[in-house]
A.B. asks: 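Here it is, the structure, as structure tokens.
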Amino acid sequence: MTTIRKKISIILFLCSFAAIVLIMLFVNLTIKGIFKEYMADVQNKRYERIVSYLEEAYKKDGKWSEYSGIELMHEAYMSNYILTLYDERNTLVWGMNPMDIKNEINLKHMKVQDEGVYTTKKFGLEYNDEIVGYVEIGQYAPLLMTEEDVLFQTSVNKSIIASGVLTLIIITAASLYLSKQFSDPIKEVAGMSVNLSKGHFEEKASIQTDIEEIRDLRNSINILADKLNKQDMIRKRLISDINHEIRTPLNVMQNNFEAMIDGVFPVTQARLNRLNDEIIRFGKLLNNLEKLKEFETESLKLNFYAIELFGLIESLYDDFLMESEKKHISIDLIKEGDTNYFILGDSDRLKQVFINLVNNAIKFTEKNGKISINLYSKGKKIFVEVADNGIGIKTEDLPFIFERLYRGDKSRHETEGSGIGLTIVKNILTLHSGSIDVESEENNGTKFILCFNALD
Ligand code: ADP
């Protein structure tokens, strides 16, 4: 097992190392090539200079003597090459001894390639377009280098190596820094998920980074923590809800039965009816939980057809009125324009949506209140607003009303309801690729805004 930091560092280091070695090799070879060309050029110029010097010497005297061009000998010794002069019949005029410079070379630590292999080159000397003699130039290397030349070459090599080492140091530091950029946030996210698994949902990852993927990772883990936190709250609330929903009637029944058994309360028809009502409420609660389970399973089968929404709501209107009239609540059903509002949907499930919303509106609106249902469209979207001027929802309850078994504080005093109506509404809308939003103000009313995709 290795850490991500180590792995990234090693990969970066190896890649950079290979790149630097290749660059160094390439630069070195190129410089060597250019330098060799330059030295060959210098050598050719030297040959030309020697030949023309000797031709001049011949021109001056009109013949060869053992002093012709003898001055060149000094430079030849100094520069490690051997000169031998011949006349036109190839008879020696004067010459140097190759052994004289062989020792010199070693003394001077000259860099001589193929040391010891003595090679010569012979050039013709002309006067008035006629060959009048020959000069033989011999040396112990194909290219002669002076001490400065060798120095130049080694210093170039040294600076290439130095720049390579320096680059490597910079790259090592950079790769350590870079790998830290990856490993630190990942470490933090890993630490955070361990904390999440221990139930510390309120924690937040605060990594600052400009790497998009890591920012996404941080955001998703924060969203996950938020969701888990919310779920945890819901779970706790659910437990206390169920506890409350079941314990209260259970206590009432137990106390009543005990009192009746002990003869404290007489067994009357009315008392038995009340106890029966409690048992029925109990059963309803369990039925609702069952219904919720059905909506949460993915296998739920829907029958999609083209449905005209206004017509669908209108068909429920009489039932709504029957309920609302008991509390003298008015219900207005209005649509914008003469358009038909067609969507693709399952009519039974959609009816369930509007029944739940309007029943809630009736339930949470005082006597003589007002409910309105509005249909309108914007672009390819159809909106249905179900609004009331009832008791409204507390701001702190708003984020939770669509959660299962969630009931606002005020509705807790209601006997009807178990906090699953809106959960079902939301599930049905999701299955229809729609959405639901809520706007509410305590004591002022509530508005649910449903959005559907219009059928083309
Ligand atoms: P319930 O069975 O309690 O009505 P719902 O899931 O239908 O369950 O609603 C959840 C909670 O949302 C309700 O308990 C209530 O607090 C709040 N609520 C829903 N609709 C309205 C409304 N029209 N006005 C005020 N509060 C509402």
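We count ligands from 1, going down the list as the structure has it; atoms in each ligand are counted the same way.
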A.B. asks: Under a 4.0 angstrom heavy-atom cut-off, which atoms of ligand 1 come close to Lys363?
C.D. replies: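 Every atom of ligand 1 under 4.0 Å from some heavy atom of Lys363: 1 (P), 2 (O), 4 (O).
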A.B. asks: Looking at the rings of Tyr341 and Phe452, which for Trp means the six-membered one, are their centres under 6.0 Å apart?
C.D. replies: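 That pair fails the under 6.0 Å test.
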A.B. asks: Is it the side chain, the backbone, both or neither of Asp388 that has a heavy atom closer than 4.0 Å to ligand 1?
C.D. replies: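 For Asp388, the contact with ligand 1 is made by the side chain alone.
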A.B. asks: Heavy-atom contacts under 4.0 Å between Thr446 and ligand 1: side chain, backbone, both, or neither?
C.D. replies: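 Answer for Thr446: side chain.
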A.B. asks: Any salt bridge linking Glu75 with Arg46? Criterion: basic side-chain nitrogen under 4.0 Å from a carboxylate oxygen.
C.D. replies: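 Salt bridge flag = no for Arg46 with Glu75.
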A.B. asks: What's the spacing between Ile329 CD1 and Ile362 CD1 if we round to 0.5 Å?
C.D. replies: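 Going from CD1 on Ile329 over to CD1 on Ile362, the span is 6.0 Å.
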A.B. asks: Consider every N or O of Thr423 and every N or O of ligand 1, then say whether any pair is closer than 3.5 Å.
C.D. replies: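 In fact, backbone or side chain, Thr423 has no N or O that close.
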A.B. asks: I'd like to know whether OH of Tyr38 has more than 12 heavy-atom contacts from other residues, nucleotides or ligands below 6.0 angstrom.
C.D. replies: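 Not buried by this count: 12 neighbours or fewer within 6.0 Å.
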A.B. asks: For ligand 1, is Gly392 a contact, meaning one of its heavy atoms is under 4.0 Å away?
C.D. replies: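 Under 4.0 Å: yes for Gly392.
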A.B. asks: Quick one: does Ile393 get a heavy atom under 4.0 Å from ligand 1?
C.D. replies: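 Yes.
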A.B. asks: Less than 3.5 Å between some nitrogen or oxygen of Phe364 and one of ligand 1, yes or no?
C.D. replies: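 N/O-N/O distance below 3.5 Å does not exist for this pair.
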A.B. asks: Looking at Lys204 and Asp226, is any side-chain nitrogen of the basic one under 4.0 Å from a carboxylate oxygen of the acidic one?
C.D. replies: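 Salt bridge: yes.
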A.B. asks: Would you please classify the geometry between the Tyr140 ring and the Tyr118 ring as parallel, tilted or perpendicular, with 30° and 60° separating the classes?
C.D. replies: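 Correct class here is tilted.
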A.B. asks: Under 4.0 Å, heavy atoms only, figure out whether ligand 1 is touched by the backbone of Phe448, its side chain, both or neither.
C.D. replies: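 Side chain only.
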